[in-house]
Amino acid sequence: MEELDADFFRRDPLTCSRDLIGCVFRWHGCEGRIVETEAYAEHGDEACHTWNRPSAREFIARHDAGTAYVYLNYGVHWLFNVVVKSAENSGFVLFRALEPISGLERMRERRGDLPLHSLCSGPGKLTQALDIDGSMHGNCFLGAENTGIRRDSAEISLSIGPRIGISRAADRPWRFGAAGSASLSRRF
DNA sequence: ATGAAGATCCGG
DNA sequence: CGGATCTTCATT
């Protein structure tokens, strides 16, 4: 199927987040279908890091669309985002959940001997399962030998709802998911 | 220097 | 429901 390139991420954060649902993310021998994402907008979004972090604005300015933005949350969990850049609005897509497809053994080595749908059903869980950490921050991972994202023909019906775990701008329906997937971080 | 808040997860 | 544990930023 079709491999995503940087142009895919040269659209607004909502469009990118929505269109990623159903795509397949591959990372060093592991693959998972993207079943949950959230959009964060550089401008006008109080929940986005750019709202109160100069370093986040700087990061967008200095990196191309499609670059990985990885940071540690609560001093515990790495969260994986992709930079989005467009004329309307730039920002990030947060990867919140995957449905594991291959590399399950490696995921279980890192996550423990868990059921399939518990391996990547949350933003911190999926980075642990794939062994993603801060060393990937700033990487262009699209279309590489061991990493990338491809479209897939699987039919997905979309769920949309408010973002999770934030206090500001919590009402915006900027969370996207594959309806009914057992690998969601939470039900819609 | 110091403190507070934060896009989470797990166990009790 | 609370604690773990660290980065970023603002304030002293």
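Here the structure is a predicted model, which means the values were calculated and not measured. Sequence lines set the chain letters: A, B, ... in the order given, protein chains first and strands last, and positions in each chain run from 1.
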> Measure from CH2 on A/Trp78 to C1' on B/dC9 and round the result to the nearest Å.
16 Å

> Nearest whole angstrom, please: distance from the P of B/dT8 to the CZ of A/Arg186.
10 Å

> Heavy atoms under 4.0 Å, any strand shown: does A/Ser167 hit a base, just sugar-phosphate, or nothing?
sugar-phosphate

> B/dT8 P sits how many Å from A/Tyr71 OH, rounded?
7 Å

> Judged by modelled atom types alone, do A/Glu42 and A/Thr50 share a side-chain donor-acceptor pair under 3.5 Å?
no

> Taking salt bridge (Lys or Arg N to Asp or Glu O under 4.0 Å) as the definition, give me every residue that meets it alongside A/Asp64, ordered by chain and number, with sequence neighbours left out.
A/Arg10

> With DNA chain B as reference, determine whether A/Gly122 or A/Arg168 sits nearer its 5' end, using the nearest nucleotide of each.
A/Arg168

> Going by atom types alone, do A/Arg111 and A/Gln128 pair a side-chain donor with an acceptor below 3.5 Å?
yes

> So, using salt bridge (Lys or Arg N to Asp or Glu O under 4.0 Å) as the criterion, who are the partners of A/Glu88 when residues are at least two apart?
none

> Under 3.5 Å, which protein N or O atoms sit close to an N or O of nucleotides 9-12 of chain C? Give each pair with its distance.
residue: C/dC9; atom: OP1; partner: A/Pro54; partner atom: N; Å: 3.1
residue: C/dC9; atom: OP1; partner: A/Ser55; partner atom: N; Å: 2.6
residue: C/dC9; atom: OP1; partner: A/Ser55; partner atom: OG; Å: 2.7

> Pull out every protein N or O sitting under 3.5 Å from an N or O of nucleotides 10-12 of chain B, one pair per line with the distance.
residue: B/dC10; atom: OP1; partner: A/Arg111; partner atom: NH1; Å: 2.9
residue: B/dC10; atom: OP1; partner: A/Arg111; partner atom: NH2; Å: 3.3

> Say whether, by atom type as modelled, one donor and one acceptor occur between the side chain of A/Glu38 and the main chain of A/Phe176 under 3.5 angstrom.
no

> Could you give the OH-to-P distance, from A/Tyr40 to B/dA7, as a whole number of Å?
7 Å

> Rounded to whole angstrom units, what separation is found between the CG atom of A/Leu79 and the P atom of C/dT8?
14 Å

> Would you mind reading off the distance between A/Leu72 atom CG and C/dT8 atom P, rounded to a whole angstrom?
9 Å

> Can you run down the ring pair (Phe, Tyr, Trp, His ring centres under 6.0 Å) pairs that involve residues 93-121 of chain A, sequence neighbours left out, and say none if there aren't any?
A/Phe25-A/Phe95, A/Phe80-A/Phe95

> For the pair made of CD1 in A/Ile164 and P in B/dA7, what is the distance, rounded to whole Å?
13 Å

> Other than A/Ile101, which residues form its hydrophobic cluster under the rule that side-chain heavy atoms must be closer than 4.5 Å?
A/Val24

> To the nearest Å, how far apart are A/Asp133 CG and C/dT7 P?
12 Å

> Just the dot-bracket of DNA chain B, please: which string comes out with Watson-Crick or G-U pairs under 3.5 Å, [ ] for crossing, | for another strand?
||||||.||||.

> Can you list the residues that meet the side-chain contact (heavy atoms from CB on, under 4.5 Å) rule with A/Trp51, with sequence neighbours excluded?
A/Glu46, A/Arg168

> Applying salt bridge (charged side-chain N to carboxylate O under 4.0 Å, His left out) to A/Arg151 and A/Glu2, what does each step give before you reach the verdict?
CA-CA 5 Å; A/Arg151 281 190 216 274; A/Glu2 175 194 352; 2.9 Å; yes

> Other members of the hydrophobic cluster containing A/Val35, with the 4.5 Å side-chain heavy-atom rule, please.
A/Leu184, A/Phe188

> Using the salt bridge (Lys or Arg N to Asp or Glu O under 4.0 Å) criterion, which residues pair with A/Asp171? Sequence neighbours excluded.
none

> Is the shortest side-chain N/O distance from A/Arg175 to OP1 or OP2 of B/dA7 below 4.0 Å?
no

> Under a 3.5 Å cutoff, is there a donor and acceptor pairing between the side chains of A/Thr37 and A/Arg96?
no

> In residues 42-51 of chain A, what residues come within less than 4.0 Å of DNA chain B, judged by heavy atoms?
A/Ala47, A/His49

> Other than A/Val83, what residues sit in its cluster of Ile, Leu, Val, Met, Phe, Trp and Tyr side chains whose heavy atoms are under 4.5 Å apart, directly or through others?
A/Tyr40, A/Phe59, A/Ile60, A/Tyr69, A/Tyr71, A/Leu79, A/Phe92, A/Leu94, A/Ile166

> Of all the heavy-atom pairs spanning A/Cys23 and A/Asp19, show the shortest one and how long it is.
SG-O, 3.5 Å

> So what does A/Leu94 touch, heavy atoms closer than 4.0 Å: a base, only the sugar-phosphate, or nothing?
base

> Please answer whether C/dA4 and A/Tyr74 are stacked, defined here as ring centres separated by less than 5.5 Å and planes angled under 30°.
no

